[in-house]
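Written below as C-alpha cells is the structure these notes are about.
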2 protein chains.
Amino acid sequence: MSEQAIDLREKILDISRHMLYSEGHTSLSMRSIAKQVGVSATSIYLHFNNKDHLLHTLIEESVEELSRAIEEKVDDQQDVVAQFESIIQTYTEFALSHPEKYQIIYLVQPEAMARYPREKFRKARRCYELLVKVIEQGVRQGLMEEDDPVTAAYSIWAQLHGVISVVLNQRLDSRINKSHFIKKSIHHITEGFLIRTHVS
Amino acid sequence: MSEQAIDLREKILDISRHMLYSEGHTSLSMRSIAKQVGVSATSIYLHFNNKDHLLHTLIEESVEELSRAIEEKVDDQQDVVAQFESIIQTYTEFALSHPEKYQIIYLVQPEAMARYPREKFRKARRCYELLVKVIEQGVRQGLMEEDDPVTAAYSIWAQLHGVISVVLNQRLDSRINKSHFIKKSIHHITEGFLIRTHVS
DNA sequence: TCGTTTAGTTAACACTGTTAACCAAGCATT
DNA sequence: AATGCTTGGTTAACAGTGTTAACTAAACGA
C-alpha cells in the first residue's frame with residue numbers, strides 16, 4: 001500500500017470521526033464522507049469493506065487509545081488505592097476531553113453487536129482486566145471487601161459509564177453543574193468499593 | 001377520530017415497538033412497519049407527522065408507563081429508606097421485564113435530542129422528582145448526608161442506568177452472572193448514599 | 001512493449017423518508 | 001335526490017441511502 005493510500009485511509013477515518021460527532025450518526029453517509037474528503041463515494045470501499053467496517057475501525061481506534069491512556073497513567077509502583085483512583089480518573093478525563101472518541105466506543109447498538117468482530121471485543125476487555133487486577137490486589141491487602149473482582153470491575157465501569165454518558169448526551173437537568181455532578185458521582189462510586197475506614 | 005382509526009394508530013405503535021426491539025432501529029423503516037401492519041407506507045403519515053414523531057410517541061408512552069409504575073409502587077407511608085429502595089427496585093424491574101420499552105426511552109441520541117419536544121422532556125422528569133423528594137426527606141431525617149439532593153438523584157439514576165444498559169446491551173463479560181451483577185451493583189449504589197450506620 | 005497492479009471513476013440497483021395527487025366511501029345540507 | 005366535505009386510505013414520484021459492476025488511466029515489472 002502506497003503512502004498516499006495510507007493518507008487517504010487516515011483522512012477518511014479522521015473526517016468520519018469528526019462528522020460523526022458534529023453531525024450525528026443519522027446523517028453520516030458514505031456519500032457525505034466522500035464529499036468532505038473530496039473523493040468519490042466508492043473510493044471509500046477501496047479501504048473499507050463496507051460502512052460497518054469503517055465504523056468498527058473507528059471503534060477499535062478509540063478503544064485502543066483509551067486503553068493506552070489508562071495503561072500509561074497507571075503506575076504499579078503506586079499503592080492500590082491510588083491506582084484504583086487513577087484508572088477512574090484517567091477514564092473520565094479521556095471521555096470528557098475526547099467525547100467524539102469516547103462516544104464512538106458505545107456507538108454500536110445491540111443489533112449491530114452481533115456483527116462486531118470477536119477479536120476486537122477481546123481488545124476492548126484490556127481496560128477492565130487492569131481494573132480487575134487492581135481490585136484483586138486490594139482484596140489481598142484487605143483494602144476492599146469484594147468476593148468477585150471481575151463483577152466488581154464491570155460494575156464500577158458500568159456506573160461510571162452511566163454517569164459519563166448522561167453528561168455527554170446532555171440528559172442532565174439544566175439546574176445541575178456538570179463538573180460537580182461528575183465529582184460527586186465518582187466519589188460515590190469509589191466510596192462504595194473501598195473499605196469504610198478509608199473514606200469519609 | 002373513529003374507532004378503527006385509533007385502532008390503527010395503536011397497531012402502528014405496537015408493531016413499531018416490537019420491531020424496534022426484535023430487528024433493531026437500523027432496519028426499522030416506515031415501509032417495513034407498514035408492511036407488517038398490512039397497510040400502505042403513507043397511511044402511517046395520517047397518524048404521525050413523520051418518523052421522528054412516531055418514535056417520540058413511543059418514547060413518551062414508555063416514560064409514562066415507567067413513571068406510573070414507580071408512583072404506584074412507592075408508598076409514602078413507608079419509611080424513607082424503604083421508599084428509596086422501592087424506587088430503585090421498581091425502576092430496575094421495569095427495565096428488565098420490559099426491555100423493549102425501557103430501551104426506547106434512551107433511543108434518542110444527542111443529535112436527535114434537540115428535536116425532542118420540550119414538554120415531553122418535562123414529563124420525563126417526573127420520575128426524578130419523586131426520588132429528589134425522598135432524598136430531601138432522608139436528609140431532614142438525618143439518614144443521608146447529601147448537600148444537593150437534585151444532583152444526588154441524577155447521580156443515582158445515571159449509575160443505575162449504566163448498570164442496566166450494560167446488561168440489556170449485552171456488553172457484559174460472559175463469565176459474569178447477570179442477576180448477581182445487578183444485585184451487587186444496586187447494593188453498591190445505595191450504599192454510597194445511605195449513612196454508614198445503616199448498611200453492612 | 002506488453003501485461004498487471006493500483007487507485008480511482010461513473011452508472012446502476014434496491015432501498016430509504018416524505019410529499020403530491022388522487023380515489024372511494026360516509027355523511028350533512030340544500 | 002343531488003351536492004360537497006371529511007375520513008382513510010391509495011399510487012407515483014423525488015431525492016438521498018449503501019453497495020456493486022464495469023470501466024479508466026497511470027505506474028511498474030518482465
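In what follows, every chain begins at residue 1, and chains take the letters A, B, ... in the order their sequences are listed.
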Length of the CD1-P vector between A:I44 and D:dT17, whole Å: 12 Å
Whether A:W157 and A:Y154 hold their rings parallel, tilted or perpendicular, with breakpoints at 30° and 60°: perpendicular
Between A:D14 and A:S16: side-chain donor-acceptor atoms closer than 3.5 Å: no
Whole-Å distance separating the CG atom of A:L46 from the C1' atom of D:dT24: 13 Å
A:I33 CD1 to D:dT19 P, straight-line distance once rounded to whole Å: 11 Å
Between D:dG18 (P) and A:I12 (CD1): distance, integer Å: 13 Å
Interatomic distance where CZ belongs to B:R9 and P belongs to D:dT7 [whole Å]: 16 Å
Contact letters for nucleotides 12-23 of chain C, in which S counts primed atoms plus P, OP1 and OP2 and B counts the base, heavy atoms under 4.0 Å: B---BBBBB---
Electrostatic pair A:K184-B:D147, nearest N-O below 4.0 angstrom: yes
Residue-phosphate contact under 4.0 Å: A:S40 side-chain N/O, C:dT9 OP1/OP2: yes
Protein-nucleotide distance (A:E23, atom CD; D:dG16, atom C1'), rounded to Å: 16 Å
Flag for B:Y21-B:Y102: side-chain donor and acceptor within less than 3.5 Å: no
Parallel, tilted or perpendicular, as decided by the 30° and 60° cut-offs, for the rings of A:H56 and A:Y116: perpendicular
Nucleotide D:dT19, atom C1' - distance to NE2 of A:H47 in whole Å: 16 Å
Side-chain (B:N50) to main-chain (B:H53) donor-acceptor, under 3.5 angstrom: yes
